[in-house]
Colleague: 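The following block contains the structure, expressed as structure tokens.
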Amino acid sequence: MPKTKTVYRTAIYARLSRDDGDKAESNSIASQKALCEEYITKHSDLELVETFVDDGYSGVDFERPAFRKMEEALRNGRVNAVLCKDLSRFSRNYIDGGRYLEKIFPLLGVRFIAINDSYDTLTENHQSNSFLVPFKNLINDTYCKDISVKIRTNLDVKRRKGEYVGSYTPYGYRKDPEDKNRLIVDEEAGGIVRQIFSLYKDGMSVGQIADHLNELGIQSPMEHKIKSGINFETGFKTREAAKWSYTAVRRILANEVYIGILAQGKRGTPNYKVHVVQNRDESDWIRVEDAHEALITYDDFMSVRTLLGRDTRVAGAGTDTEGNPFSGFLFCGDCGQPMIRKVVPAKNKKYYYFVCSTHKRHEGCSPHSISAVELERAVRNAIAAQVQNVLDISKTLDYIEKLPSSNRLVLGYEAQITKLEEEIEYLSKMKLRIYEDLTDGLLDKQEYADFRQQYRAQIEDKSAALDRIKREKKDALVSDDTEKVWVALFRQHENIGEVNRRVLMALVDKILIYEGHALEVVFRYGDEYRRMSEFVERHGDLLPQKAQEV
């Protein structure tokens with residue numbers, strides 16, 4: 001009797017991915033399927049059972065949904081042959097690809113065919129071809145690695161140039177229609193971002209802001225993406241319509257993208273074979289300033305960031321959090337812990353005062369009690385005094401700035417710098433000459449070493465003095481834009497009325513409460529103020545009498 005011809009139940013496997021360098025034109029799913037189907041029609045020992053397609057999946061590993069389904073069909077015997085266009089469609093992983101071809105498929109009795117590579121585990125030349133397969137797999141693996149490196153390098157170049165390479169834009173921005181790597185302001189969402197910062201500056205807590213936005217019916221960032229037509233999916237959505245949450249609001253308040261800073265590369269995969277996304281150290285992020293239009297000023301953002309780092313919530317019975325502009329600013333001067341506000345009702349009135357939270361928890365310290373009325377009055381007076389100090393010093397420096405350049409030379413910076421530079425140049429030449437004297441025999445080695453050390457020490461001293469004078473000169477240039485900004489900030493509050501949260505966020509870093517109702521207001525821009533004060537103190541005697549009387 002003639003031997004019955006075996007017919008293999010065949011599965012076509014097709015894969016396409018731009019991530020590992022596949023060319024869509026030649027490797028399209030349709031072309032792969034057509035080639036395989038034509039091959040089956042010409043081979044009567046093959047019977048097509050099912051086609052498995054992984055469209056958009058890299059070949060560097062086997063965590064592909066269609067491949068896993070095909071493997072299940074192979075293991076339960078539904079199919080016993082696999083047909084691919086070529087080996088690269090099957091795998092671009094040298095190690096794992098070889099494991100399937102040399103161990104798993106032979107163990108399962110699976111026939112494997114790669115058409116363009118002329119590889120068929122059933123044919124007589126299989127043994128000779130099997131010698132070349134590992135090399136082809138290695139080439140495919142190396143090719144994939146090379147493509148991965150090029151893609152990563154190209155993305156890093158774009159990031160360092162300040163180009164946005166993310167799939168989804170931060171809330172408040174959208175991609176420029178004319179340049180997909182550039183962020184422009186989304187006017188609708190950008191207005192909500194500004195409102196969130198404004199509400200926080202007015203004293204509203206993060207949770208209260210979220211509730212407020214939900215009450216107004218303002219769409220959350222997720223809903224805004226959906227409304228904008230972005231195909232956005234998440235596993236965190238638990239309601240039919242996503243609402244504003246504490247996390248969403250806080251994330252916005254802490255995101256430096258709103259001051260024009262683009263920080264990218266925060267997360268990524270270790271290499272082209274491991275697809276597990278991991279968080280990267282902040283030192284590895286790529287940060288570019290002024291990458292796009294800012295929605296929030298730098299000062300406002302830094303004030304908000306400082307307060308976010310403090311616990312502005314007040315807990316415990318008898319406490320009151322509403323209408324408290326000092327929340328997040330008030331600390332015990334001795335233990336450093338926050339002061340909490342207490343409310344005491346008496347008849348038809350409420351009296352507010354602040355106490356040390358450590359003492360309130362019965363963990364030591366003392367009450368440091370101070371009434372809200374006394375606190376507000378003392379802080380208002382301290383702010384008014386500081387504003388006046390800043391303005392007085394600023395007026396003096398403004399006078400200097402308006403002097404002609406020739407009159408400014410009385411301060412001696414240019415002359416001192418020129419003199420020190422000439423002295424350093426002279427000492428450097430003398431240091432070179434002693435080497436010539438050594439080679440000419442005018443100095444012995446010990447004398448040369450002594451002179452060399454003396455000149456080196458003098459040059460180091462003069463260089464240190466030169467650096468100090470240059471820094472002092474730089475500090476003296478009051479025309480610097482940054483300095484003008486903070487001085488202008490104090491000038492805006494020259495006639496201060498009530499102490500509200502916006503005033504505190506603009507001018508105050510923190511307030512320390514001591515025993516006996518004593519307090520200390522630590523102002524923002526302390527270093528800048530101190531530098532201005534020291535400059536006027538050092539050079540006041542050199543200024544015209546008119547300037548000293550301002």
Side-chain angles (χ1 to χ4, degrees), residues 2-17 19-20 22 26-144 273 275:
K3 187 177 179 180
T4 305
K5 186 177 183 180
T6 303
V7 176
Y8 288 88
R9 300 179 300 280
T10 306
I12 292 176
Y13 181 72
R15 183 190 64 80
L16 179 67
S17 171
D19 290 341
D20 53 19
D22 295 343
S26 61
N27 284 331
S28 69
I29 297 297
S31 69
Q32 292 179 55
K33 290 167 62 177
L35 179 66
C36 292
E37 289 169 356
E38 182 183 2
Y39 186 88
I40 290 176
T41 60
K42 295 179 180 180
H43 293 77
S44 58
D45 59 340
L46 300 179
E47 177 188 358
L48 179 59
V49 174
E50 190 170 353
T51 298
F52 297 91
V53 176
D54 279 316
D55 193 355
Y57 288 88
S58 174
V60 297
D61 62 38
F62 287 95
E63 294 305 319
R64 315 170 215 152
F67 184 87
R68 288 304 183 195
K69 291 180 180 178
M70 182 179 72
E71 185 176 10
E72 182 182 349
L74 293 171
R75 292 184 181 277
N76 63 30
R78 187 153 50 91
V79 296
N80 60 358
V82 176
L83 180 63
C84 294
K85 176 187 175 184
D86 54 47
L87 287 167
S88 68
R89 300 305 93 210
F90 176 71
S91 172
R92 288 189 184 273
N93 187 307
Y94 166 64
I95 297 176
D96 289 343
R99 184 167 61 90
Y100 271 93
L101 295 180
E102 297 175 17
K103 293 184 178 181
I104 297 177
F105 284 179
L107 184 64
L108 296 175
V110 174
R111 179 183 178 185
F112 179 79
I113 304 171
I115 300 172
N116 287 349
D117 292 309
S118 301
Y119 181 79
D120 186 343
T121 57
L122 190 65
T123 60
E124 293 180 355
N125 63 349
H126 162 243
Q127 293 300 323
S128 59
N129 282 344
S130 63
F131 178 75
L132 298 174
V133 166
F135 291 97
K136 289 187 176 181
N137 282 337
L138 182 58
I139 291 171
N140 287 329
D141 193 319
T142 304
Y143 175 72
C144 188
K273 289 187 177 181
H275 288 175

Colleague: For A14, does its backbone N or O pair with a side-chain atom of D54 as donor and acceptor, under 3.5 Å?
Modeller: no
Colleague: Quick one: do E37 and K33 make a salt bridge, cutoff under 4.0 Å?
Modeller: no
Colleague: Might you work through the side-chain contact (heavy atoms from CB on, under 4.5 Å) test for V82 and V110, ending with a clear yes or no?
Modeller: CA-CA 7 Å; V82 176; V110 174; 4.1 Å; yes
Colleague: With a cut-off of under 6.0 Å to the ring centre and 45° to the axis, is R64 in cation-pi contact with Y57?
Modeller: no
Colleague: Locate the shortest heavy-atom distance separating C36 from I12; write the atom from each residue and the value.
Modeller: CB-CD1, 3.6 Å
Colleague: Quick check against the 3.5 Å criterion: does N80 have a side-chain atom that pairs as donor or acceptor with the backbone of R9?
Modeller: yes
Colleague: At what distance, to the nearest 0.5 angstrom, does CG of L83 lie from CG of L48?
Modeller: 9.0 Å
Colleague: Spell out, as yes or no, whether a donor-acceptor pair under 3.5 Å connects the side chain of Q32 to the backbone of R15.
Modeller: yes
Colleague: Working to the nearest 0.5 Å, report the span between CD of E47 and CG of D45.
Modeller: 11.0 Å
Colleague: Do the two ring centres, one from Y119 and one from F90, sit under 6.0 Å apart?
Modeller: no
Colleague: Check the pair L46, I113 against side-chain contact (heavy atoms from CB on, under 4.5 Å), reporting the backbone distance first and the verdict last.
Modeller: CA-CA 11 Å; L46 300 179; I113 304 171; 4.0 Å; yes
Colleague: What verdict does the salt bridge (Lys or Arg N to Asp or Glu O under 4.0 Å) test give for K42 and E38, after you've listed the backbone C-alpha separation in whole Å, the side-chain angles of each residue and the deciding distance to 0.1 Å?
Modeller: CA-CA 7 Å; K42 295 179 180 180; E38 182 183 2; 3.3 Å; yes
Colleague: Hey, does the side chain of T121 reach the backbone of F112 with a donor-acceptor pair shorter than 3.5 angstrom?
Modeller: yes
Colleague: For N116 and L35, which heavy atoms make the closest approach, and how far apart are they?
Modeller: OD1-CD2, 3.9 Å
Colleague: So L101 and L87, do their side chains get closer than 4.5 Å, heavy atoms only?
Modeller: yes
Colleague: Work out which heavy atom in V49 is nearest to a heavy atom in R78; give both atom names and the distance.
Modeller: CG1-O, 4.3 Å
Colleague: Hey, what do you get for CZ (R75) to CE (M70), rounding to the nearest 0.5 Å?
Modeller: 11.0 Å
Colleague: Does the gap between the ring centers of Y13 and F52 come in under 6.0 Å?
Modeller: no
Colleague: Between K69 and E50, does any side-chain N to carboxylate O distance fall below 4.0 Å?
Modeller: no
Colleague: Taking the six-membered ring for Trp and the single ring otherwise, decide whether the centroids of Y100 and F62 are under 6.0 Å apart.
Modeller: yes
Colleague: Roughly how far, to the nearest 0.5 Å, is CG of L16 from NZ of K85?
Modeller: 10.0 Å
Colleague: Atom CD in E71, atom CG in N76: separation rounded to 0.5 Å?
Modeller: 11.0 Å
Colleague: Given 3.5 Å as the limit, does a donor-acceptor pair link the side chain of T10 with the main chain of Y8, or not?
Modeller: yes
